[in-house]
Amino acid sequence: MEYFGEQVVNGLIVGGVYALIALGYTLIYGVLQFLNLAHGELYMMGAFFGFFAMIALGGPSAAVVPVWIMIPVMFLVAMGGGAALGVAVERFAYRPLRKSRRLAALISALGVSLFLQSAALLLFGARVRLYDTGQFIDLTSGFSIGSIRIDVTEIMVVVGSLLLMTILWFLVNRTQQGRAMRAVAVDQDAAVMNGIDIDRVIVITFALASGLAGAAGVMSGLLLFPVDQYMGIFAGLKGFTAAVVGGIGSIPGAMIGGFIIGVVEALATGYLNPTYADFIAFLILVLVLLIKPTGIMGKKVMAKV
Amino acid sequence: MSDDTQRDEAAQASSRGIGTDEWVAQHEQRIATSTGPLGAIGRWWLGLPRGFQWIIPLAIALLIPFATSNDYIIRIGVNLGLFLLLVIGLNLTVGYAGLLDLGFVAFYGFGAYMYAFVASPQFGIHWPTWLAIPMVIIVTGLFGLALGTPSRRLSGDYLAIATLFFGQMFLVLAVSSDAVQFPWMDEPIDVTGGANGITNVDPFAFFGFTFSSVTSYYFLLLGLIVVGVVATLRIHSSRQGLAWRAMGEDALAAQHMTIPPVRMKLLAFAVGAAVAGLAGSVFASVQLGVFPSTFKLPLLIMLYAALILGGMGSVPGLVVGAIIMVVLPEVLRFPDYSNWLFFIVLILGVVMTLKRWKPILAVFAATTAIGFAANGIFLALGVPYLTTAEWAEGPLAPVLGAWVFMPEDRTLYGNIAFVVLLFAIAWMTTRSHRTRLIALPFVLWLAVFTWEVRLLIEPSVTRQLLIGALLIILMATRPQGLFGKPRVEVL
Amino acid sequence: MSTPALSLIDLTKRFGGLTSLDHFSLDVATSEVVSVIGPNGAGKTTLFNVITGVYKPEEGKVLLNGVDLTGMSPEKVAQRGIARTFQNVRLFLNLTVRENIKAAMYGRTKASLLESVLRTRRAKSEDKENEERVLDVLSFFGTRLQGYRLDQPAYSLSYANRRRLEIARAMATGAQVLLLDEPAAGMNPAETKEIAEIISRLRAERGYTIVVIEHDMHVVEGISDRVIALDHGVEIASGSFDQVATDPAVIEAYLGRGAAARK
């Protein structure tokens with residue numbers, strides 16, 4: 001029972017990270033009806049950006065600033081860098097394809113994905129990086145639920161992801177820009193005719209989505225997941241699965257989906273062969289696609305024939 | 001359409017009299033009126049009778065094994081043949097039916113393993129080739145059907161993801177099936193050889209002739225490709241081909257015109273899979289082994305890149321796309337060859353974009369000047385560097401050595417140059433024609449610098465980088481590829 | 001009384017809370033031309049979608065020559081003999097005129113993929129037949145879609161020619177019942193007259209049974225044996241053109257209650 005609890009808790013923590021990635025997918029799909037297959041690479045870049053910010057500040061062992069400054073800086077760099085990269089990708093790779101077929105945009109996304117992975121390899125080298133969080137955070141501190149330990153980093157990740165999700169929800173549902181985003185998501189042409197600047201909305205969407213992905217990257221690193229140029233592939237696909245399971249285009253759906261995938265994966269790793277755990281996420285994805293493609297919170301969209 | 005083309009059209013339309021259809025901007029017409037050496041080559045090529053256009057490449061392909069005894073080159077030919085066969089299969093599924101199958105490579109692997117199962121010491125079965133190959137084709141086709149069935153109601157993005165999953169799943173299965181425990185057996189058996197794969201696969205043997213040399217496989221593949229090309233051409237205007245293409249255009253309208261979507265989808269999967277399976281069996285026997293690392297995502301992306309670069313649905317496009325995708329990485333392996341290729345492409349690119357002699361010469365002159373200026377700046381800054389002898393190779397060495405500054409810390413400066421180059425190119429695309437022209441020499445110098453200092457020595461990363469960039473640029477500027485026809489979309 | 005070519009019995013289609021078709025019934029005799037009119041949103045295109053199987057009706061039946069086709073998928077409905085055109089022309093734009101028409105002949109031919117590749121006798125003879133049918137179908141439209149036009153992509157056609165091609169494509173399926181969705185939309189008076197003539201000739205020369213959705217009353221007046229007026233999914237009038245055009249319920253639906261009172 002304890003073991004089960006441990007897995008569930010681990011799953012929820014990692015699930016928060018997946019949820020952030022899923023939110024990125026869902027935001028972009030909601031506004032553009034486009035699956036940004038390269039989204040995982042922005043998560044990967046975020047992890048690298050955060051790592052180099054840490055190194056620049058002397059970390060992990062000889063930080064020149066206190067931890068409570070270094071970590072927010074890492075997040076800011078990763079999120080800012082991620083957002084900038086995401087906006088650039090939209091501007092140069094996707095914007096020219098707005099009027100083309102779906103296939104063209106998907107292929108371009110494949111190209112972006114490949115390009116970013118190779119660029120990371122070229123610029124950062126093939127060495128796998130580790131955040132080595134233990135050097136600047138006391139991992140023994142934290143608290144316990146029964147005999148399940150939750151250390152400070154994990155608390156930070158959970159709090160951070162919930163915080164970001166709340167901020168996002170607020171931005172989308174309570175601000176003018178958020179309303180514009182929702183309008184574009186429902187009917188692009190009508191939104192244009194109502195004076196909404198589509199380009200700006202799309203840029204903001206990509207910035208938000210990629211910023212979240214960047215944050216997820218740093219969190220992943222802090223949780224001691226290895227950082228290399230391939231980390232985006234699987235994480236991206238799991239994030240995508242979470243978005244689809246929750247209902248692509250639905251923000252609460254992405255959050256729920258993230259936690260579900262995290263927990264299921266943790267249970268699968270704990271009770272089954274870890275190699276297959278990666279594919280549990282895929283299996284769920286395919287099953288959902290076949291049984292209820294609109295996901296948990298998704299709505300059926302009727303197209304006029 | 002560009003302004004030039006529209007003007008041409010209008011002129012030609014009015015010269016043919018009122019009421020004539022205005023749509024005249026055909027490929028051949030543009031070649032007829034275009035100037036310069038490329039236009040001349042285009043005119044000559046199109047002037048040849050249709051048959052010759054096929055015979056010439058075929059003749060070249062037939063002669064290559066006789067022109068060289070270098071086994072390595074023939075091996076590249078074999079790789080090209082396998083790749084082209086796969087692209088032909090992929091073209092049917094993606095190019096005609098418009099089904100984005102990202103798990104295609106799994107069919108290739110499946111075919112290879114199937115052949116290895118019946119023609120290797122793995123299970124001690126050694127079927128004769130004439131039995132093994134048809135079996136592989138049929139079984140892989142059925143496998144394609146099996147994969148297509150759960151996916152039949154998916155389309156577009158979702159189909160892509162689902163097939164991607166299946167493809168990855170296959171790979172995991174192949175790698176981890178070296179100790180499969182069947183309930184009725186006492187001990188686990190080694191099905192796929194795990195990560196090491198299966199070795200000592202039997203070579204092909206027809207009518208007493210054993211395919212023992214690479215050259216024999218080369219000719220076999222050439223024959224298969226001829227068959228594949230002819231089949232593709234016939235499928236193009238066949239009942240099923242038209243049905244697929246109609247589906248790719250407007251699936252709902254096609255359905256209303258008696259075309260059964262599910263059946264056509266499954267057929268596309270099955271046929272594509274069967275072709276890939278055939279390629280797989282050839283692969284297994286020429287390699288004399290099956291290794292799971294072959295069937296990974298990078299191969300799939302290369303296949304797609306070839307298909308898109310050449311132009312989906314265009315048969316000459318497939319061939320050219322495949323040639324570029326297979327030969328290019330080989331060239332990249334040899335720094336002096338890839339250097340030549342780089343400069344040729346760069347110069348060609350500038351010539352084709354600028355078209356007129358004056359700007360071309362001005363740009364090259366400016367680039368050269370910038371190069372020397374940059375050298376001066378680097379020297380003044382005291383950046384440690386390598387002498388020409390220490391880094392330059394090949395016939396171009398003296399020129400390069402004099403013109404390109406080679407810092408000692410290639411990685412650092414190369415990386416910086418790379419990032420600046422990306423920014424510069426991105427910035428350029430947002431500027432007016434004039435600004436671009438002025439910035440071009442600087443960007444060109446930067447490109448050469450980045451190439452020589454950094455990219456040249458990392459061929460595998462560079463190849464990925466180039467393919468990724470190629471896909472992005474192609475989709476944004478010329479989505480129909482080199483030989484495809486520009487498509488009209490209704491959204 | 002012979003079996004009606006097309007029999008719609010009590011068709012009801014709901015989308016959530018919205019009832020698009022409410023127990024709609026109609027019998028169309030062989031070689032009859034029936035026009036369906038009504039304000040936008042009345043349910044006319046939904047009617048076509050239900051007949052061709054895009055939507056499954058909640059209640060009711062669709063019979064073709066007495067055979068129940070209700071809820072069959074669109075390709076089966078087309079193969080059985082009902083073809084349609086679309087409100088916003090849906091051609092295979094990047095295919096040539098010839099290919100557009102030949103693609104629609106899928107259901108009438110039998111050659112398998114292998115046979116096509118090997119160019120067996122059956123494949124060749126079917127292809128020859130198809131080529132002849134292409135010319136036959138296009139000859140219906142006079143000199144409009146002839147000669148070099150056949151091998152040009154559909155996107156190069158003018159709007160009016162696209163509408164004609166769409167009708168030709170529907171004919172090519174071998175169907176005997178045609179559902180034309182606003183065939184004259186967007187056409188100038190000369191083209192409209194031509195379309196009306198084509199519809200009349202389709203019935204007179206080839207015996208098609210035709211149901212037309214139209215807004216242009218000149219067309220409706222010129223071609224219809226019967227007119228059905230639809231509003232909110234319900235039949236509000238039916239009869240000859242004159243009867244329906246002066247029916248107060250129809251006037252009210254189009255122009256509002258005040259206008260109906262004034263008539």
Side-chain angles (χ1 to χ4, degrees), chain B residues 1 9 16 19-26 92 96 98 141 227-264 267-268 270-271 274-275 312-313 480 484-491, chain C residues 48 52-54 73-80 82-86 88-95 98-119 123 126-127 130 147-149 152-158 161 166 169-170 172-175 179:
Chain B
M1 264 190 278
E9 269 181 73
R16 290 234 211 95
T20 311
D21 196 87
E22 288 168 47
W23 187 81
V24 178
Q26 304 216 39
L92 292 175
Y96 284 161
V227 171
V229 165
V230 170
T232 303
L233 288 171
R234 290 189 177 171
I235 289 177
H236 186 82
S237 44
S238 74
R239 181 177 171 242
Q240 282 81 1
L242 283 174
W244 277 333
R245 289 160 63 205
M247 252 174 58
E249 289 290 318
D250 187 331
L252 188 68
Q255 210 179 355
H256 277 93
M257 297 295 132
T258 74
I259 296 170
V262 172
R263 188 162 0 141
M264 297 312 296
L267 186 66
V271 173
V275 174
M312 279 199 279
Q480 74 269 23
K485 292 209 202 70
R487 292 178 48 92
V488 167
E489 305 291 342
V490 174
L491 286 165
Chain C
F48 276 13
T52 57
V54 178
S73 54
E75 73 267 16
K76 295 217 182 63
V77 171
Q79 284 165 12
R80 298 291 178 114
I82 303 180
R84 75 176 285 184
T85 63
F86 295 88
N88 43 347
V89 185
R90 291 177 82 133
L91 288 174
F92 307 131
L93 287 178
N94 290 288
L95 264 49
R98 189 195 302 264
E99 289 171 336
N100 263 274
I101 298 182
K102 282 176 92 168
M105 296 185 192
Y106 180 87
R108 300 167 87 168
T109 47
K110 287 210 168 37
S112 71
L113 188 61
L114 200 57
E115 285 175 278
S116 301
V117 170
L118 295 174
R119 291 238 179 105
E126 277 186 349
D127 196 52
N130 282 352
Y148 68 92
R149 278 242 172 77
Q152 287 186 351
Y155 63 72
S156 69
L157 292 179
S158 65
N161 272 338
E166 227 199 356
R169 191 181 60 171
T173 61
L179 309 176

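Every chain is numbered from 1, with letters handed out A, B, ... down the list of sequences.
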For this session: Using a cut-off of under 4.5 Å on heavy-atom pairs, state which of Leu95(C), Asn100(C), Thr85(C), Leu91(C) scores highest against chain B.
Result: Leu95(C)

For this session: Looking only at non-hydrogen atoms, find the nearest pair between Phe92(C) and Ala253(B) and report the distance.
Result: CE2-CB, 4.0 Å

Problem set entry | Leading residue by heavy atom contact count with chain B [cutoff under 4.5 Å; candidates Ala111(C), Ala154(C), Gly107(C), Ala170(C)] | Ala111(C)

Problem set entry | Heavy-atom pair with the smallest gap, counting every atom of Leu113(C) and Gln240(B) | N-NE2, 3.3 Å

For this session: Could you look at Met264(B) and say if it's the side chain, the backbone, both or neither that has a heavy atom under 4.5 Å from chain C?
Result: side chain

Exercise. Looking at Ala83(C), Ser112(C), Gly53(C), Ala175(C), which has the largest count of heavy-atom pairs under 4.5 Å with chain B?
Worked result: Ser112(C)

Problem set entry | Reported CD-to-CG distance for the pair Glu249(B) and Leu93(C), which is rounded to 0.5 angstrom | 6.5 Å

Seminar exercise, completed: When every non-hydrogen atom of Tyr106(C) is compared with those of Ile259(B), the smallest separation belongs to CB-CG1, 3.9 Å

Problem set entry | Side-chain donor-acceptor contact under 3.5 Å, Arg239(B) with Ser116(C) | no

For this session: Evaluate side chain to side chain contact (heavy atoms under 4.5 Å, CB included) for Lys76(C) paired with Gln255(B), printing each intermediate quantity in order.
Result: CA-CA 9 Å; Lys76(C) 295 217 182 63; Gln255(B) 210 179 355; over 6 Å; no

For this session: Nearest 0.5 Å please: distance from the CG atom of Leu252(B) over to the CZ atom of Phe86(C).
Result: 5.0 Å

Exercise. Atom CD1 of Ile235(B) and atom CG of Leu114(C): how far apart are they, to the nearest 0.5 Å?
Worked result: 9.5 Å

For this session: Pick one of side chain, backbone, both or neither for Val230(B), based on which atoms fall under 4.5 Å of a heavy atom in chain C.
Result: neither

Seminar exercise, completed: CE of Met257(B) to CE of Met105(C), rounded to nearest 0.5 Å, is 12.0 Å

Exercise. Crowded around Arg80(C) CZ? As in, over 12 foreign heavy atoms under 6.0 Å?
Worked result: no

Exercise. Looking at Ala254(B), Ser237(B), Gly248(B), which one has more heavy-atom pairs under 4.5 Å with chain C than the rest?
Worked result: Ala254(B)

For this session: Apply the test side chain to side chain contact (heavy atoms under 4.5 Å, CB included) to residues Arg108(C) and Thr258(B): give CA-CA distance (whole Å), side-chain angles for both, the deciding distance (0.1 Å), then the verdict.
Result: CA-CA 8 Å; Arg108(C) 300 167 87 168; Thr258(B) 74; over 6 Å; no

For this session: Name the member of Lys110(C), Glu126(C), Glu115(C) that forms the most heavy-atom pairs with chain B at distances under 4.5 Å.
Result: Lys110(C)

Seminar exercise, completed: Highest number of heavy-atom pairs under 4.5 Å with chain B among Leu118(C), Asn94(C), Ile82(C) belongs to Asn94(C)

